[in-house]
2 protein chains.
Amino acid sequence: MRPLDPQMFDELCPSALTPIRIGDKWGALIVVCLADGPRRYSELRIPLARITPKVMTQSLRTLERLGLVARTVEGRQVTYELTVLGVSMLEPLRAICAWAEEHWDELVDATDPIRNEPAALGA
Amino acid sequence: MRPLDPQMFDELCPSALTPIRIGDKWGALIVVCLADGPRRYSELRIPLARITPKVMTQSLRTLERLGLVARTVEGRQVTYELTVLGVSMLEPLRAICAWAEEHWDELVDATDPIRNEPAALGA
DNA sequence: CAGGATCCCCTCCGATACTG
DNA sequence: CAGTATCGGAGGGGATCCTG
């Protein structure tokens with residue numbers, strides 16, 4: 001299980017900055033950060049340094065309410081991990097992340113007209 | 001190319017109501033509605049009757065700016081269709097939709113504690 | 001360490017009405 | 001037919017400070 005570091009943020013899932021969301025703005029990224037196993041609050045804040053603690057807690061609560069993330073308290077340790085449902089979401093989520101990574105530079109602000117040709121679907 | 005009808009709304013992609021979004025609230029659904037080929041504005045409004053025209057135009061503009069949808073004007077006809085980039089998104093999107101459909105009733109308001117067991121990932 | 005409290009802005013999104 | 005104009009509420013999300 002590889003440790004979380006700030007670089008992994010962009011590396012793993014550029015879709016964090018894309019308009020693709022789960023739950024709220026940071027939901028998809030949190031799920032991805034939990035993909036390798038349980039993490040503590042402070043551990044999650046390493047790759048997610050740009051979230052304020054309040055917002056990260058909010059996001060975690062949302063994911064919890066959706067049944068995607070489980071929160072465990074042991075003493076003063078708080079651990080977050082994916083539920084079975086959360087894990088089941090990883091596969092389609094990885095597909096979206098892979099897509100986002102592949103088409104990242106195409107997605108941001110479409111000013112290039114050549115890119116915007118129709119696909120001639122169903123023709 | 002199968003015609004758009006109001007029922008197709010629920011049938012096609014329950015994720016429309018899930019917290020999974022592309023662009024804005026209606027983005028994912030619009031993309032799915034364009035999956036079978038080009039559609040006119042009024043045609044899109046059939047399955048998307050609950051969107052007000054202003055918001056639908058907004059969503060379409062967003063998808064356009066992202067390079068996912070192309071807008072074509074011929075006379076007084078306006079046609080929307082997926083770009084090549086938009087089509088490339090269909091596969092991962094369908095994966096998410098399939099997941100959402102399968103786990104739909106689990107996702108809405110997690111009050112059942114038994115569901116929220118951790119997955120013991122990375123253990 | 002893992003948040004909660006408070007403040008506040010700003011965008012999303014809906015309703016209604018109107019138009020070339 | 002394919003939108004625009006205008007208004008307005010709700011809440012998402014950030015900054016800052018505080019705490020058991």
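Here the structure is a predicted model, which means the values were calculated and not measured. Residue numbering restarts at 1 for every chain, and letters A, B, ... go by the order of the sequence lines.
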B:R45 near the nucleic acid: base, sugar-phosphate alone, or nothing, with a heavy-atom cut-off under 4.0 Å? nothing

Could you give the CE-to-P distance, from A:M56 to C:dG4, as a whole number of Å? 11 Å

Gap between atoms CZ and P, on A:R39 and C:dA2 respectively (whole Å): 13 Å

Is the backbone of B:M56 close enough, under 3.5 Å, to the side chain of B:W26 for a donor and an acceptor to pair up by distance? no

Do B:S88 and A:W99 have side chains that approach each other closer than 4.5 Å (heavy atoms only, starting at C-beta)? yes

Using a 4.0 Å cut-off to any heavy atom of chain A, which nucleotides of DNA chain D are the first and last in contact, reading 5' to 3'? D:dG13 to D:dA15

Hey, which sits more toward the 5' end of DNA chain D by its nearest nucleotide, A:S59 or B:T79? B:T79

Does the side chain of A:R61 get closer than 4.0 angstrom to OP1 or OP2 of C:dG4 through an N or O atom? yes

Could you give the distance from CD1 (A:I30) to CD1 (A:I51), rounded to the nearest 0.5 Å? 5.0 Å

Output the rounded distance in Å from CZ (A:R76) to P (C:dG3). 12 Å

Using a distance-only test with no angle check, is there a side-chain donor-acceptor pair under 3.5 angstrom linking A:Y41 and A:T57? yes

How far does CD1 of B:I96 sit from CD of B:E91, to the nearest 0.5 angstrom? 13.0 Å

Closest heavy-atom pair and its distance - B:L44, B:C33: CD2-CB, 3.9 Å

Distance in Å, A:M89 CE paired with B:H103 NE2, rounded so as to fall on 0.5 Å steps: 9.0 Å

Overall bend of the helix from C:dC1-D:dG20 to C:dG20-D:dC1 (five pairs an end, 10° steps) is 60°

Distance, rounded to the nearest Å, where B:L48 contributes CG and C:dC13 contributes C1': 15 Å

Pairwise side-chain contact, A:L82 with A:V69, heavy-atom cut-off 4.5 Å (strictly under): yes

Expected output: side-chain A:E43 to main-chain A:R40 donor-acceptor under 3.5 Å: yes

Would you tabulate the pairs of protein nitrogen or oxygen atoms and nucleotide nitrogen or oxygen atoms of nucleotides 14-19 of chain C closer than 3.5 angstrom?
{"unit_1": "C:dG14", "atom_1": "OP1", "unit_2": "B:K25", "atom_2": "NZ", "d": "2.9"}
{"unit_1": "C:dG14", "atom_1": "OP2", "unit_2": "B:W26", "atom_2": "NE1", "d": "3.3"}
{"unit_1": "C:dG14", "atom_1": "O6", "unit_2": "B:K54", "atom_2": "NZ", "d": "2.2"}

A:T79 (side chain) donor-acceptor with A:R39 (main chain) under 3.5 angstrom: no

Compare all side-chain heavy atoms of B:T62 with those of B:R65 and state whether any distance is below 4.5 angstrom. yes

